[in-house]
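Take a look at the structure set out below.
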Number of protein chains: 2
Amino acid sequence: MNPSRPQEFRTAVRPSLRQEVAEAIKSYILDNRLKPGDPLPSEAELCTALGASRSSIREAVKTLAVLDIVEVRRGHGTYVGRLGLSALVEGLAFRGLLSPKDDFRVLAELIEVRELIECGLAERILATLAPEDLDALDGLVDEMDLRGAHDGEGFAACDRAFHERLMEPLGNRLVSQLSLAFWDVYAIVAPHLQGLTAEDEAGTIADHRAIVRAAREGDAQGFVRALAGHYAPVRRRLADARTATGAADATDSGTADTDPAGAEVPEKAASIA
Amino acid sequence: MNPSRPQEFRTAVRPSLRQEVAEAIKSYILDNRLKPGDPLPSEAELCTALGASRSSIREAVKTLAVLDIVEVRRGHGTYVGRLGLSALVEGLAFRGLLSPKDDFRVLAELIEVRELIECGLAERILATLAPEDLDALDGLVDEMDLRGAHDGEGFAACDRAFHERLMEPLGNRLVSQLSLAFWDVYAIVAPHLQGLTAEDEAGTIADHRAIVRAAREGDAQGFVRALAGHYAPVRRRLADARTATGAADATDSGTADTDPAGAEVPEKAASIA
DNA sequence: CGCCATTTGTACGTATGTATT
DNA sequence: CAATACATACGTACAAATGGC
């Protein structure tokens with residue numbers, strides 16, 4: 001009945017000085033057409049310019065720093081941020097960590113989106129992948145092979161770089177960053193799960209080789225199949241874990257924001273540390 | 001050569017009390033398995049519990065509030081946030097507003113992602129759309145028609161609700177929220193552009209009707225075609241605007257994070273307000 | 001209705017650590 | 001090393017909003 005958005009009206013009456021300051025800083029960046037890395041006025045200057053105290057300026061700057069709109073270097077100054085998706089990563093990662101019972105669902109959704117992005121762009125990826133890109137991808141798989149089981153860190157880094165290199169030639173910064181952001185979230189959340197068998201490194205390497213092979217042959221269908229094969233075991237493990245814990249509800253169709261499962265609400269919680 | 005991530009190492013040496021406090025609050029939420037809406041300790045309690053001053057507590061809370069991990073109600077208290085994607089919207093919107101010359105590119109990328117999501121999930125959408133969903137979609141288009149040109153606000157709200165209803169039955173909260181987040185970003189950024197002809201309301205309504213029709217007939221290909229037809233004019237306008245301003249570079253292949261276009265860097269900028 | 005307790009918002013002052021020059 | 005500029009952190013006081021009495 002009411003198609004308007006549910007939220008977004010909490011402090012609309014009074015924008016709260018801090019938000020005004022934040023908006024002023026954003027306007028300053030926009031009006032002066034600053035680019036990432038450009039210096040911003042110091043806190044003291046902002047105080048006098050905006051007529052607010054340090055507290056408000058600092059809080060506002062911190063909020064902008066979280067959004068990667070501003071970057072603060074201690075003892076150096078504040079600068080225009082890189083406008084990345086770090087906030088998305090942090091927010092999604094926390095969401096994933098928060099619902100450990102329903103956690104598998106969040107991760108499953110994440111994998112689904114990653115697969116959707118890469119498979120949906122398969123044809124365009126194949127069309128834009130240059131021979132040097134293919135060589136680079138092969139090199140990354142080789143490096144994964146070298147790291148093997150010794151260096152899990154490096155192994156993961158190669159995996160990330162592989163998917164980065166896969167999307168990069170498309171020239172769409174947004175999809176590249178989104179894809180990597182989801183990769184990061186998965187890397188953060190997955191280790192905190194129980195019941196997930198460890199990554200199968202040999203299988204992962206084989207999957208990536210199959211992906212490169214299909215790409216080299218220009219076989220779009222094979223490319224999609226290889227990608228699906230790469231994500232399939234993860235999806236299966238997630239599905240198994242969900243059914244094992246009995247936390248599965250296939251026909252959810254919730255409002256995607258409210259959690260209907262209502263347990264007791266702690267009126268006053270325990271110790272904090 | 002170095003496949004590790006470029007950023008994320010600014011204050012790794014010294015986690016800066018504020019971040020420690022933020023982590024402590026997040027841990028508190030996680031350890032006590034709180035849900036959105038649950039109350040959190042007051043700032044004073046956090047001060048004594050974490051042994052930090054109120055300034056630090058406040059700054060930490062504000063950063064968490066930006067990420068929608070925490071919600072602050074003045075004169076009331078702080079509560080667990082809704083864990084939405086508001087940070088993504090704000091960050092992407094600012095990015096879009098910041099590069100007005102290259103702006104069309106950001107919006108074009110945005111549209112591409114929206115189309116990718118909806119088209120890539122077309123078959124699954126058709127499989128899960130119930131008759132009542134189709135009726136609701138038709139009702140939304142009718143409402144769009146009613147609002148017409150009088151109420152642009154309501155028209156946009158119906159458009160948003162339409163795409164929301166389209167994705168909702170899938171049961172994947174992440175894709176639903178992502179889709180809507182991108183819609184929001186577009187709605188924020190698009191009005192600030194020049195050279196973009198106004199939305200064609202009649203055409204938009206016809207597009208949505210075609211989408212519902214294809215969905216009702218279970219025609220996946222027609223569904224995808226209808227969606228593409230919906231986004232096509234926007235893409236074309238964006239492409240025209242980009243070529244018109246001469247800001248087009250088809251074979252970009254940048255690193256997706258650094259802006260190679262380097263102009264002069266203002267050492268010290270002008271007035272702020 | 002006013003009053004009051006609680007809680008967050010804003011302001012100011014001061015001291016300390018850090019990086020640059 | 002000293003001087004400077006900046007960010008960090010703490011403490012206190014008051015203002016404003018909310019909810020219950």
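Below, chain A is the first sequence line, B the second, and so on; all start at residue 1. What you are looking at is a predicted structure, and each value in this text was computed from that prediction instead of being measured.
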Legend entry - Counterpart residues, ring-ring contact (aromatic ring centres under 6.0 Å, His included), relative to B:His76 (two or more places apart): B:Tyr79

Inset, instruction - Looking only at side-chain atoms of B:His76, point me to the closest of D:dA7, C:dT8, D:dG19. - result: D:dG19

Inset, instruction - Quickly work out the A:Leu46 CG to D:dC6 C1' distance and round it to whole Å. - result: 12 Å

Legend entry - Which residues share a side-chain hydrogen bond (donor to acceptor under 3.5 Å, both in side chains) with A:Lys62, sequence neighbours left out: none

Legend entry - Atom pair distance, as rounded to whole Å: CZ in B:Arg18 and C1' in D:dA7: 9 Å

Inset, instruction - Only counting residues at least two apart or in another chain, list the ones meeting side-chain hydrogen bond (donor to acceptor under 3.5 Å, both in side chains) with A:Glu43. - result: A:Arg58

Pairwise N/O distances under 3.5 Å, protein to nucleotides 12-16 of chain C:
unit_1, atom_1, unit_2, atom_2, d
C:dC12, N4, A:Ser55, OG, 3.2

Inset, instruction - Please list, chain by chain and in numerical order, all residues satisfying ring-ring contact (aromatic ring centres under 6.0 Å, His included) with A:Phe182, sequence neighbours excluded. - result: none

Legend entry - Side chain of A:Lys62 (C-beta onward), nearest among C:dT8, D:dA9, D:dT8: D:dT8

Legend entry - Out of D:dT8, D:dA17, C:dT10, whichever nucleotide has its closest atom nearest the side chain of B:Arg74: D:dA17

Inset, instruction - Could you check A:Leu17 against B:Gly77 and say which one's nearest nucleotide on DNA chain C is further toward the 5' end? - result: B:Gly77

Legend entry - Nearest-angstrom distance from the residue atom CD1 of B:Ile57 to P of D:dT8: 16 Å

Legend entry - Short side-chain donor-acceptor distance under 3.5 Å, A:Ser16 and A:Gln19: no

Legend entry - Listed partners of B:Asp133 passing salt bridge (charged side-chain N to carboxylate O under 4.0 Å, His left out), at least two apart: B:Arg165

